Every structure is written in C-alpha cells, then in structure tokens.
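To keep things clear, I will list the structure first and then write my remarks on it.
Residue numbers begin at 1 in each chain, while the letters A, B, ... track the order of the sequences. Just so you know, these numbers come straight off a predicted model, no measurement behind them.
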Amino acid sequence: MEAFQLLSRGGARFDKQRFKSDVQLFNKAPSGEAKVKGVAISHDAQLPPELDFFKYAKASTGKRKAGDKESDAHVESKPAKLERKRRKIEDESKDDHSGAEEEVSPIQKHRVTSKGSDVPTPITTFEDLRERYGVSSRLLSNLSDNSYKYPTGIQAHGIPILLERRDLAAISPTGTGKTLAYLTPIMSALGSPISSRKNDGGHGARAVILAPTRELAHQIHNECLKLAAGRKWRVVLFSKATASTLSDKNVRDKVDIIISTPLRLVASIQEGKLELNNVQHLVLDEADRMLDSEFLSQVQEVIAACTHPDIQKAVFSATLPAGAEKLAMGILRNPIRIIVGLKDTPLPLIAQTLTYVADDASKLPSLLTYLSQPYNPPLLVFTSTQPRTTSLAEELTMNGIPNVDCLHAGMTKKERDDAVGRMRRGESWVMVTTEVMARGMDFKGIREVINYDFPTSVQSYVHRIGRTGRAGREGKAVTYFTDDDAPFLKAIANVLLQSGSSVPEWILKLPKPSKIKRRQMGKVKRADTVNAARKIGRSDAIKKRDMIAGSKRRKEKELREADKDNSVGAEDRLDASGA
DNA sequence: AAAAAAC
C-alpha cells in the first residue's frame, strides 16, 4: 500500500504506461534478436522492495550492504552522525533577519527544513488544495489522470508556499517531482487561459520558466501540457520558430506560459520582439546551474525584463552551493527556503560504486567488459567532452554493442530530438552523452548510470547519477576514476558515504590537500592513489596489512602537514562540495 | 577547477 503511494505520487514525471512498454520491450528482445550477449532482462515490473527513498532521514537505516568486493576494507555510511553535523552547520549559518527555522512534516517521513517567515503548512493530499486555495477541479483531475496521486515532499511543502504568492528557494533530491511542484501552483494562480478572457489589462505571457538545456525545457513543456489538458492554455516552448511567431502581437497576447532556455529569451528581448512586463511568475529550474557564471548575466537580463511589480520568483534544484544560494536569495523577495532531505546528496536508493581504472586507456576495455556481462538497459554513460562522447559511441558500436546512441549539444536540433525520442521509446540501450543530459532529464527506464569520465564537481555527480533512482525506483551508478582524478576523489567519496553507499577505506584515507595546494600536490596524491589501488587484487592478508601500514603513514603525513598548514584539518569536512 | 551549454 505504502509502496503504491510512493510510486504513484512518484514524482512529477512518472509514466506507468511508458514504463510498462519499456519492460515489454526488454522482455521481448533476447528471444527475437539473436540473444544479445550480456543484456539482462528486467522482470522487475513489480515495485522495488525499498521504496522509502528518504530512509536516510531515519537515524541508522541508511546502510547499504557492501556488495562490491574490491576491498574488504569498506566503510559504511554514518548517516546519523553526518546529519547531526549538518544540522549544526545549518543552525550556525542561519540568517539573522530570517524567521524561525522549524522542523515540519510529521506526516511525511522524510525530513524537511524550512527557513523564512510565516511558512504555510504543507498539504497532505492534492485534494487539500481545493479546500485551502480553491484550486480548480480540472487541475486536480489532470493531476490524478496522470497518476499523480499523492504529493511528494517538495510538492506538499512547496505548492502552498507558491500559492500564497511567496518567493521560494526549493531544494529537493533528483526525481522527487520538482517540476510539478512549481507548475501546479502557477497554473492555479493564472486561473484561466488568457485567450478565454475579455480584457485583462496587460499583454504577453504571465509566467516564464527557465531551464539550462533545450531537452529539459522540452520535458517541462510536456509536463505542463499534461496539466493544461482540457482548456485552451497557450504554453509555448520557446524556440527560434516560436520566437518569430511571438513577435506578432495577436499571438503574443494570447500566450500564458513561456518555457525557454535563457539565451533564446534574451535574444528575443534584445531584438525588441518580446516583452516580459506582464510576467507574474518566474521560475529558475536547476537554479544553481542558471546562476553560474555562464548563465548568470543572461538570467539577470531576463529578470530585469520582468518588470511587473507583483512578480513571484522561485528557484528549484537538487543542489544549491553556498554561492548560488546567496545569489538566489538576493534575487528573491522575503523568500522561504525549504530543503527536502539533505542538500547536495543523492538518494540512498541509488547504489553507488567507485571503480579504479588506472588511466584513460583502460576505460574502454573496462566498459566493454562491463557490457559483456548482464546489465540493465538503458544505460546512461557520461563523458567529459563532445568529441569523447562521439568517439566512445563509435567504439562501442564497432565492438558489437547493440543500440548505442549518443547525444551532445554539438549535434543538430533534429539529431538531439531523435536521440531523446529513441531514449523515451526504449530503443537506446546505451546512451553516451555529455553534461547536457546531466540535469533534470527524466527517463523512467534508466537503472544504471556510468560516469566514464569523472564528474568535475559534486553537483555534477549528484545530478548525473540522479538520472536513475527516480520516483522511488532503485538505481545503480558506477563511477570510473583514474590517477588523474585523485584530487577530487575524496569529495565524491564523501557524497557516496553520505547517501548510504560504501567506499573503500583507502579512498577516505587519502590526504586532503588545501585548495591552493591541490594542483602542486597532484603528483603526491597520484602516487598515493596508485599504491592504494594496486593493493586491490592482492591477497586479503597482504592487503589488510598494507592498508593499515599505509593509512598510518598517511595519517602521520597528514598530521605533519596540518602543523604546517592550519587549513588542513584532521576532521573530514562535511561539505564535500568544497565550494 | 573546468567543460558544457545557451544563440
């Protein structure tokens, strides 16, 4: 029963029908298509046993069995301890001017913290929205028609806040229904389509949603259309084509919601083809990405163009580093901030492993070996650059891996759309991609993510592996690392620990260099990594002995360094982001 | 810290 609830409220984008067809597809495959070696058939149409994807909120249940056998020196997570530490840090960083920080949600099991004045009570069912805020039956039935039966944590807390017209910064893990958490209140607040009104005063779109990639904007648009069913809402996915149509006043004045990437919008504003002075709701999805240096000025320009005095702004993400949060809070007016679960932390139902591959040349053989054994398609493989994405996809295909696809932003719009289409239909078994797919994309079938190239930040890691384990389903994430990745290994390892996956002990024993020293120390750490990694595969006795000796040596070294440089503490930093 | 993505 509970399992069913979790699945069905499954977040914004769960689509039972599609999932079903995926499973059928995979079930069919081997009998028909000459037994493709190594492709596991997924019969798990039933629910995974552990749907409580916020179990880490409960003190000590976050442990995951150490299923990987590279080393017997595995360290299990200590969620309770970490959470205590984090709470302390959060308490200390509370802003003076803000209202009371309070623990809410006795009903929901997962922990939700909110900051800000007069935080509205969360809802328990979508039906509450009718009584409390007069949300229309049409909107509510559109929700239930799409199998959104119960609000997720972010929806239960976020929707009332937005309906009370407050500004909001919302942080909630990947795959927990953030899209619906902002679309529902916006649709409700807009009331009725502009086209159905006589004279409303004001022209142009009343809501704008910004996302960092075309694919994500497209997906948000699809979600919005689900909620818009049955009425003549004009929800525009902004593109080159729509940009020119929108310069026609008659069209423009009938638009309700614009969903776009920032630069596209800025281009139209600068050409004088678009005015945003009637925008009363502005959402930044993947807020930390939207506020990073490359997007910031564009986003600021959009914000500046939204001149309506009563504009409501909201930012959403699974990660929000301190710098981005500061920026966000500066943009918002008397904001409420809510955090579901732990910030910058993946869901514990994603089983994560770190795999040592000595160097770049060893990655392809490792992946081929991996693909020669049973795996769960579709598999998402992340690389660091577009050329690497292309060539890896080619290599895999040449090595006989079936249904390999690739997607990066260097491809044409059509190529990109086609690739996403194949992915959605379950035709891709291995999708090689760049950071473009790292955020927001919701492919229900993805059970495994491979970080072929090491992610360049904790945020990137969290979002990449968050393509799996969505809407209460389990997932698996494998991350390759080479000697060159050593400087950032420990930060990622801490993320694994924090979210209930185990990490070989030697990784945690790696010295923690100060930021300044990181580059110079690359060599030192590299040697350390190699030595420690080489021990894998030796006999257990030798391994253990070496580990202990090695960790002692490292400890001593660490202490010596700590004497010289106070910024290197013996205590692991909790915030693994290092930002 | 650094590439990718945005047109």
Original post:
Are any of the side-chain heavy atoms of Leu496(A) and Thr479(A) separated by less than 4.5 Å?
Top reply: no
Subject >> dC7(B) phosphate, OP1 or OP2, under 4.0 Å from Arg214(A) side-chain N/O >> reply: yes
Subject >> Between P of dA4(B) and CZ of Arg416(A), the distance in whole Å >> reply: 13 Å
Original post:
Are OP1 or OP2 of dC7(B) and a side-chain N or O of Thr261(A) less than 4.0 angstrom apart?
Top reply: yes
**OP:** Please report, rounded to the nearest Å, how far the C1' atom of dA3(B) is from the CE atom of Met437(A).
**Re:** 17 Å
Original post:
In whole Å, what is the span from the CZ atom of Arg289(A) to the C1' atom of dA2(B)?
Top reply: 12 Å
**OP:** For the pair Phe481(A) and Phe454(A), name the ring-plane relationship: parallel under 30°, tilted 30 to 60°, perpendicular over 60°.
**Re:** perpendicular
Subject >> Rounded distance in Å - CZ (Phe454(A)) to P (dA4(B)) >> reply: 17 Å
Original post:
Rounded to the nearest Å, what distance is computed from the CD1 atom of residue Ile258(A) to the P atom of nucleotide dA6(B)?
Top reply: 18 Å
Original post:
Heavy atoms under 4.0 Å, any strand shown: does Pro262(A) hit a base, just sugar-phosphate, or nothing?
Top reply: nothing
Original post:
Would you say dA5(B) has OP1 or OP2 under 4.0 Å from some side-chain N or O of Thr434(A)?
Top reply: yes
Original post:
How is Ser460(A) classified with respect to the nucleic acid when contacts are heavy atoms under 4.0 Å: base, sugar-phosphate, or nothing?
Top reply: nothing
Original post:
Whole-Å distance between dA5(B) P and Gln386(A) CD?
Top reply: 4 Å
Original post:
Which is true for Arg439(A) with a 4.0 Å heavy-atom rule: it touches a base, it touches only sugar-phosphate, or it touches nothing?
Top reply: nothing
**OP:** Among residues two or more places apart or on two chains, list those pairs meeting salt bridge (Lys or Arg N to Asp or Glu O under 4.0 Å) that have a residue in residues 208-217 of chain A.
**Re:** Glu215(A)-Arg416(A)
Original post:
How close or far is atom P of dA4(B) from atom CZ of Arg388(A), stated in whole angstroms?
Top reply: 11 Å
Subject >> Lys363(A) charged N/C atom sitting above Tyr452(A) aromatic ring, 6.0 Å / 45° >> reply: yes
Subject >> Pairs meeting criterion salt bridge (Lys or Arg N to Asp or Glu O under 4.0 Å) with involvement of residues 292-304 of chain A, two or more places apart >> reply: Arg289(A)-Asp292(A)
Subject >> Atom-to-atom span, CG of Leu274(A) to C1' of dC7(B) - whole angstrom >> reply: 15 Å
